[in-house]
Amino acid sequence: MERTIYREIPASRPVIQLAVLLGGFIAAAAGAVLYIEHNGHIVTGMNNQIVWGLPHVFAIFLIVAASGALNVASIASVFGKTPYKPMARLSALLALSLLAGGLAVLVLDLGRPDRLIVAMTEYNFSSIFAWNIYLYTGFFAVVGVYLFLQMGRNTPYSIVRTAGTVAFLWRLALTTGTGSIFGWLVARSAYDAAIMAPLFIVMSFAFGLAVFILVVTGMCRLTGRPFGKSLLNRLGRLLGIFVALVLYFTGVQHLTNLYAAEHGGIEWFILRDGGIYTQLFWFGQVLIGGIIPLVLVFHPTGGVKPVSTILASVLVILGGLAQLYVIVIGGQAFPLDIFPGFQASSSFMDGQVNAYSPSYLELLLGLGGVALALALTGVGLKILRILPTNLSDGNVGQTP
Amino acid sequence: MNLPALKFSKTPRDMNRRDFLRSGAALATITLAPGVTLMSFGGEAAANADAGKRWGLLIDVNKCSQDCSACVSACSKENGWKLPENPETDAQWIRKVDLKDLLTGRESSLPMMCQHCEDAPCVDVCPTGASFKRKDGIVLVDKHACIGCRYCMMACPYKARSFIHEPLTDQKAHAPRGKGTVESCTLCVHKVDAGGTPACVEACNTTGNGAMMFGDLNDPESDIAKALLAYPSIALRADLGLNPGVRYSNL
Amino acid sequence: MRRLVVALLFVTGLLALPAMAGDLGPVIPKATGVAHIEGNLFMRINHMKLMVHDRDMTVHEGDRQVKYSLKACVECHAVNGHDAQPVAVTSEKHFCRVCHDYAAVKIDCFECHNSKPQISSSALLKPEMPDSTEIAAYLKEATQ
């Protein structure tokens, strides 16, 4: 095993092509934002019943994935697993970029993004939202320092390890905070559950690792750097464990809700009667985002093929978006029960399942956030020594 | 549904920065411009939000007629929001809800608006503090601080809030409204501050139904407090323990 | 700090204008009612701070007798258009726009607030002339 060498990625033709593609997505999102800003949210699919739409699905996905993307670094520095060490820098960089992308989407979907300064200067400390602003800025600081220390030529391992531990704990807090945004909404039966916070943590493990796998293999491929087959297989199996955990916690979430009588309505809505939400739940989240990836990575013969892990990662991401769509939008679509025992109707959709059809503007905004996150990662890779020149099995000490 | 005791506590949160500012206003102005005295700052005109009061409504569902929406049109006229043409996205500060008892089939109807909770979830979740409760219990949005995040709309158990989806022009001078912010019933705070009654209550009385009563819940001599004492009434979603200032009787 | 510098530059520019040739600076429309006791200079520099302070007084404390109410600004400072009706902020003749266009300051107040005086409240604000009987009674009292 030779020493790991980190090198900036060269501005080769495929790298430039990728940059142009991402730039196109970012520009499209910027256009969408200006258009929404000018005309008001009337041009989006949102309404007074579904107030958080597709941009929030993307934003929350990116924020959750950000903390999960740090996993590889945590496993390397905190738990001392050698094969992961060469990838720790990329893991930290990706975490920062994903968070930036997610926050950008969140902020640009505000009714008054021009008042961002108000959000940063006026705090209401009883709001979990305001606390999250601290958690997010803190995450940038902590992970930034951690990345810096990793890249220092002679930083003693103990210091890197301490920084890694702090970053690890911070990321747990961050995901708990994001999950609590929903957990605190006592008014809505879909969200009023303590399980939300741990559920979001395991979701972050799975989504973050899936994104990481795709980025690291993609970048290695693009720059012609080797990536070990059994290293990928190892990451794939880890992803499998996280996916199983997500399935388990989702099961617990729905079973406990079914048991609690007052949540029965929303449960049957998601599991049986919810139309698009039911389909997204069973086919999107459970099948595509859960069962198929599990089979792919744990299949005795097929599981060792690199393509299985790559495909599983793609499916986990798609399933994750479906899961968040069900949580965020399905939860709002189900009517509030203001008058138990009565059938209610009004001009304001009382007692009705609320309709939402996302506009392409919202899709562009969400995809723009993803593109921004990837572009930031790319810029980081271009100017910093983050990506190892050789991640072959022999080089990272991974025994096949 | 059972009714929790009406409690009117004064938490430290009610004593806010602005209590302090008011007393320090004269000083603040002097540092602003040395040598200039601003006589109107001394605080000689008493603020109208009185911490001793708690404004509320009592709605008698029996007296509310199913095909009457005088309260809704009065509110829309007073505050300058147009009656919904596009009910999914247009703002609705007050709405009529038609109810049918699932067991008996009995039909009734009632007006719904911001319930002016004592422990308002919208106030708790608002990241910038734009959602706030006045000392006299009226829950408002300070639209100067609202960033349009809509977390309050997620948190409200009554669907009382609307987001302004489109640019507006020619608003009412006493009810400024604009794109990208959240709004809801203000209990006609501009009228209440001038000693008046909310437009919906006035309109309801004009129709002769007299289903809505407005007053100070803290004043044992007020009609509303007497009525609450004499007849049973409920708070909507009483299970959440928010102690709303709007109560319904004969539901 | 930056704001102070901008305001001072702006005001010095304004003061220096008469010395220079004619139509360079903004021509501030005349207002009705009593002028500000603090003086025009003070108002030019501080109007935003005053309004923000009084805005909080109104919105949070319910104090509706504040001096620097935006409602009142547009009453006294109404500018009439060709139709002899007060213009909205969409017109560049509007009081608040004359300077701001010149100084390239963008304000969002009129996305929500009405920029034209409203008949109902303007009736309350316009100083009314005492009618002849009142004047007669006053004169009688004064000469006694």
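Because the structure is predicted, anything quoted here is derived from the model rather than measured. To find a chain, count down the sequence lines: A is the first, B the second, and so on, and within it residues start at 1.
If you tally non-hydrogen atom pairs under 4.5 Å between each of B/Ser131, B/Cys146, B/Pro84, B/Gly178 and chain A, the highest count goes to B/Cys146. Comparing B/Ile164, B/Asp98, B/Thr104 by heavy-atom pairs within less than 4.5 Å of chain A, the highest count is held by B/Asp98. Options A/Phe348, A/Phe129, A/Phe182 differ in how many heavy-atom pairs under 4.5 Å they form with chain B, and the most are formed by A/Phe348. Options A/Ile133, A/Asp337, A/Asp114, A/Leu106 differ in how many heavy-atom pairs under 4.5 Å they form with chain B, and the most are formed by A/Asp337. With chain A as partner, the option from B/Val182, B/Asp90, B/Val72 having the largest number of non-hydrogen pairs under 4.5 angstrom is B/Asp90. Ranked by heavy-atom pairs shorter than 4.5 Å toward chain A, the options B/Ile147, B/Thr128, B/Val125, B/Thr89 are led by B/Ile147.
Heavy atoms closer than 4.5 Å to chain A are found nowhere in B/Ile94, neither backbone nor side chain. Contact annotation for B/Leu240: only side-chain heavy atoms (C-beta onward) come within less than 4.5 Å of a heavy atom of chain A. Interface remark: A/Leu336 contributes side-chain atoms only to the contact with chain B (heavy atom separation under 4.5 Å). For A/Leu185, the part sitting under 4.5 Å from any heavy atom of chain B is the side chain, from C-beta outward, and nothing else. Proximity to chain A is limited to the backbone of B/Ala91, based on heavy atoms less than 4.5 angstrom apart. If you measure heavy-atom distances from A/Tyr191 to chain B, the contacts under 4.5 Å come from the side chain alone. Proximity to chain B involves both the backbone and the side chain of A/Ile181, based on heavy atoms less than 4.5 angstrom apart.
The pair A/Asp350-B/Arg95 meets the salt-bridge criterion, since a charged nitrogen lies less than 4.0 angstrom from a carboxylate oxygen.
Atom NE2 of A/His38 is separated from atom NZ of B/Lys179 by 7.0 Å, given to the nearest 0.5 angstrom. Annotation: the span from B/Gln92 atom CD to A/Ser347 atom OG amounts to 3.5 Å, rounded to 0.5 Å.
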- Message: Determine whether B/Val97 and A/Phe339 satisfy the following criterion, side-chain contact (heavy atoms from CB on, under 4.5 Å), listing intermediate values before the conclusion.
- Response: CA-CA 10 Å; B/Val97 180; A/Phe339 305 97; 3.9 Å; yes
- Message: Let's go through B/Thr181 and A/Arg115 carefully: what are the C-alpha distance in whole Å and the side-chain angles of both, what is the deciding distance for side-chain contact (heavy atoms from CB on, under 4.5 Å) to 0.1 Å, and is it a yes or a no?
- Response: CA-CA 11 Å; B/Thr181 54; A/Arg115 286 190 178 160; 4.0 Å; yes
- Step by step, work out the side-chain contact (heavy atoms from CB on, under 4.5 Å) result for A/Val43 and B/His165. CA-CA 8 Å; A/Val43 295; B/His165 286 70; over 6 Å; no
- Query: Checking side-chain contact (heavy atoms from CB on, under 4.5 Å) for the pair B/Lys100/A/Phe342: CA distance, chi angles, key distance, verdict?
  - Reply: CA-CA 5 Å; B/Lys100 187 171 171 196; A/Phe342 291 91; 6.0 Å; no
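The closest donor-acceptor contact from the side chain of A/Asn124 to the backbone of B/Cys126 lies under 3.5 Å.
Heavy-atom neighbours of A/Tyr35 OH from other residues, nucleotides or ligands within 6.0 Å: at or below the threshold of 12.
Among the residues in residues 149-161 of chain B, those with a non-hydrogen atom closer than 4.5 angstrom to a non-hydrogen atom of chain A are B/Cys149, B/Arg150, B/Tyr151, B/Met153, B/Met154, B/Ala155, B/Cys156, B/Pro157, B/Tyr158, B/Lys159, B/Arg161.
For A/Ala355 against B/Glu88, the heavy-atom pair with the smallest separation is CB-OE2, 4.0 Å. Between B/Pro127 and A/Ala130, the closest heavy-atom pair is O-CB, 3.9 Å.
Qualifying side-chain hydrogen bond (donor to acceptor under 3.5 Å, both in side chains) partners for A/Asn48, counting only residues two or more places apart in sequence or in other chains: none.
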